[in-house]
Structures are given as structure tokens and as C-alpha cells.
Amino acid sequence: MPGGGDDLAAALADAWERLRRATGVRRRTLGRVGFATIDARGRPALRTVVLRAVDPAGRRLEFHTDVRSVKVAEIGADPAASLLLYDPGEEVQVRAEGRAELLPPGPELDDAWTATPGPVRAAYRMPGPPGVPIADPALPPPSTGWTEEGRENFAVIVLAVDRIDWVRLVPGADRRALFDWTGGALQASWLIP
């Protein structure tokens, strides 16, 4: 049933499908999702990331980052994280919560780097970490060729999903469902939207 309807299994399938579809629309709003970690002061730290891969069977979400970024240090200190996707066209929100970690060195990380286009690879060749002050905002862009330069700064963050909160906001047909694997087996329930 489109949008989840009144079937919990359909709502969960809809959540994963929306996340999967978001990986194919990087330049559009749906592919840009909010990702929150806990900062060094114990406060939520929210930023936009591009969702790169979704694995419903493994309950994994992946996106790329610069290993020098603050979010990597935050994940190292506290892996609790959440991701938010909002589909404005159908007024559906999907919030995924879980534990984030960096993909370890190996073939899977190498494949992600190889699949990254040259213009995107350029971001990993910046002279310093994201967020470092600079004197001139017109920092010259690095070359955009298919080089290995910047590879040492490339990382993949994997969010192991423990909970999904799915909300459809349609007047007269609002629905909200919670899917929770924190106890091992899936616990699914409808919630007041």
C-alpha cells in the first residue's frame, strides 16, 4: 500500500524504500538527509549528508565523509546517531536511529572510493579539515581528475539502524509507526502521529 496505509509491514517497507530511493537523487532534496551525532559538549550536532547506500536486510545506511571532520571524532566518542529523511511531496518523515561507525579499511571501503566521481573526490583533497577557518572564502578548488590524491581523507560512515520512526502527515489519514530492534527481535507498533 503506497505510503504505508494501515499495515505495519507496508509502513516499514515504505520507510526502507524511501531511504533506498534517496540514494539515487543526490542532487535533489530527498537525497540530502539530516545526520545527528552527539558533540563534545553532549549536545546534538546536526548536519546534511548525502545518503549513498541502504541495506534493509542488514539494517545499514551509509554515507561518505572526510575522516578529518568533527562528526568522525564525535562518533568515536559516542556512536549514538540518527538520520532524518523528509519527503515533502508525500509528507512522509523517516527517522532512523542507531550506532554509527567508520567502515574499516578493506575492499568495501576501496570500492566506495573507486565509485566516487572525480568532482566529489576533490572535496577530500582540501588543504585542511572541514570547518577550519580560512582567510579567503574563495579557496581555489583542487583538480577534479580521477586521482588517488585525497584517498587518505575519505571515509564511509555506516549507521547500524536500531529504530525507525515513520510518520505520514496527510490530513485525515495521519499515520505513525515505530519499528524497534533494540531488544533483538523486531517490535512494531502504531503511535499517535
Side-chain angles (χ1 to χ4, degrees), residues 2-4 11-39 43-56 58-75 79-103 108-109 111-126 128-132 134 137 139 141-142 144 150 153-170 176-177 179:
L12 180 58
D14 182 74
W16 284 113
E17 178 58 19
R18 285 178 196 282
L19 290 164
R20 187 202 60 75
R21 279 195 329 245
T23 65
V25 288
R26 290 179 183 90
R27 297 200 182 276
R28 301 177 64 172
T29 303
L30 191 60
R32 303 208 184 266
V33 297
F35 179 68
T37 54
I38 306 299
D39 73 11
R43 297 180 181 182
L46 180 64
R47 77 279 290 156
T48 302
V49 297
V50 177
L51 192 57
R52 302 286 180 175
V54 173
D55 175 8
R59 296 193 336 259
R60 291 172 34 134
L61 304 173
E62 296 181 7
F63 55 92
H64 300 170
T65 193
D66 190 309
V67 75
R68 302 169 294 176
S69 71
V70 171
K71 68 181 152 296
V72 170
E74 291 169 351
I75 289 167
S82 62
L83 185 135
L84 176 70
L85 174 141
Y86 181 69
D87 183 343
E90 296 185 40
E91 298 189 66
V92 173
Q93 170 184 283
V94 177
R95 186 177 52 169
E97 300 173 1
R99 297 164 325 282
E101 64 183 14
L102 293 183
L103 197 62
E108 197 174 356
L109 183 61
D111 290 347
W113 174 254
T114 300
T116 301
V120 177
R121 285 184 180 192
Y124 302 102
R125 294 193 291 269
M126 290 295 169
V132 168
I134 55 175
L139 186 66
T144 59
N153 300 323
F154 176 78
V156 174
I157 293 177
V158 177
L159 179 64
V161 177
D162 292 329
R163 292 168 50 109
I164 290 179
D165 187 330
W166 174 92
V167 182
R168 184 185 69 202
L169 299 172
V170 176
R176 182 174 183 184
F179 305 95

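The figures that follow rest on heavy atoms only: side chains count, while hydrogens, waters and symmetry mates do not. One-based numbering along the sequence shown.
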- Step by step, work out the side-chain contact (heavy atoms from CB on, under 4.5 Å) result for Arg60 and Leu103. CA-CA 11 Å; Arg60 291 172 34 134; Leu103 197 62; 4.1 Å; yes
- Step by step, work out the side-chain contact (heavy atoms from CB on, under 4.5 Å) result for Leu51 and Leu83. CA-CA 10 Å; Leu51 192 57; Leu83 185 135; 4.2 Å; yes
- Query: Where do Val49 and Val33 land on the side-chain contact (heavy atoms from CB on, under 4.5 Å) test, with the steps shown first?
  - Reply: CA-CA 6 Å; Val49 297; Val33 297; 3.7 Å; yes
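Taking 4.5 Å as the limit, every side-chain heavy atom of Val50 sits out of range of all side-chain heavy atoms of Phe63. At least one side-chain heavy atom of Trp16 sits less than 4.5 Å from a side-chain heavy atom of Val161. Considering only heavy atoms from C-beta on, Arg168 stays 4.5 Å or farther from Asp87 through its side chain. Within the 4.5 Å cutoff, the side chain of Leu12 has heavy atoms near those of the Ile164 side chain. Side-chain contact between Val94 and Leu19: present, with at least one pair of heavy atoms (C-beta onward) separated by less than 4.5 Å. Looking only at side-chain heavy atoms (C-beta outward), Ile157 and Lys71 come within less than 4.5 Å of each other. Looking only at side-chain heavy atoms (C-beta outward), Thr37 and Asp39 stay at 4.5 Å or farther from each other. Arg95 is not listed as a side-chain neighbour of Trp166, based on a closest heavy-atom distance of 4.5 Å or more.
Side chains of Arg52 and Thr116: no donor on one and acceptor on the other come within 3.5 Å.
The CG atom of Asp165 lies 10.5 Å from the OG atom of Ser82; values are rounded to the nearest 0.5 Å. Going from atom OG1 of Thr48 over to atom CZ of Phe35 covers 12.0 Å, rounded to the nearest 0.5 Å. Distance CZ/Arg68 to CG/Asn153: 3.5 Å, rounded to 0.5 Å. Taking CG of Asp111 as the start and CG of Leu109 as the end, the distance is 9.0 Å to the nearest 0.5 Å.
Between the Arg47 side chain and the Ala45 main chain, a donor and an acceptor come within less than 3.5 Å of each other. No donor-acceptor pair under 3.5 Å is formed between the side chain of Asp55 and the backbone N or O of Arg59.
Across all non-hydrogen atoms, the minimal contact from Arg121 to Thr114 is NH2-CA, 3.4 Å.
Here Asp14 pairs with Arg18 in a salt bridge; the nearest charged N to carboxylate O distance falls below 4.0 Å. A salt bridge does not link Glu62 with Arg20: none of the charged nitrogens is closer than 4.0 Å to a carboxylate oxygen.
Listed by chain and number, the residues in a side chain to side chain contact (heavy atoms under 4.5 Å, CB included) with Pro44 amount to none (sequence neighbours excluded). Among residues two or more places apart in sequence or in another chain, the ring pair (Phe, Tyr, Trp, His ring centres under 6.0 Å) test is passed with Phe154 by His64, Trp113, Tyr124. Scanning for salt bridge (charged side-chain N to carboxylate O under 4.0 Å, His left out) contacts around Glu101 gives an empty result, with sequence neighbours left out.
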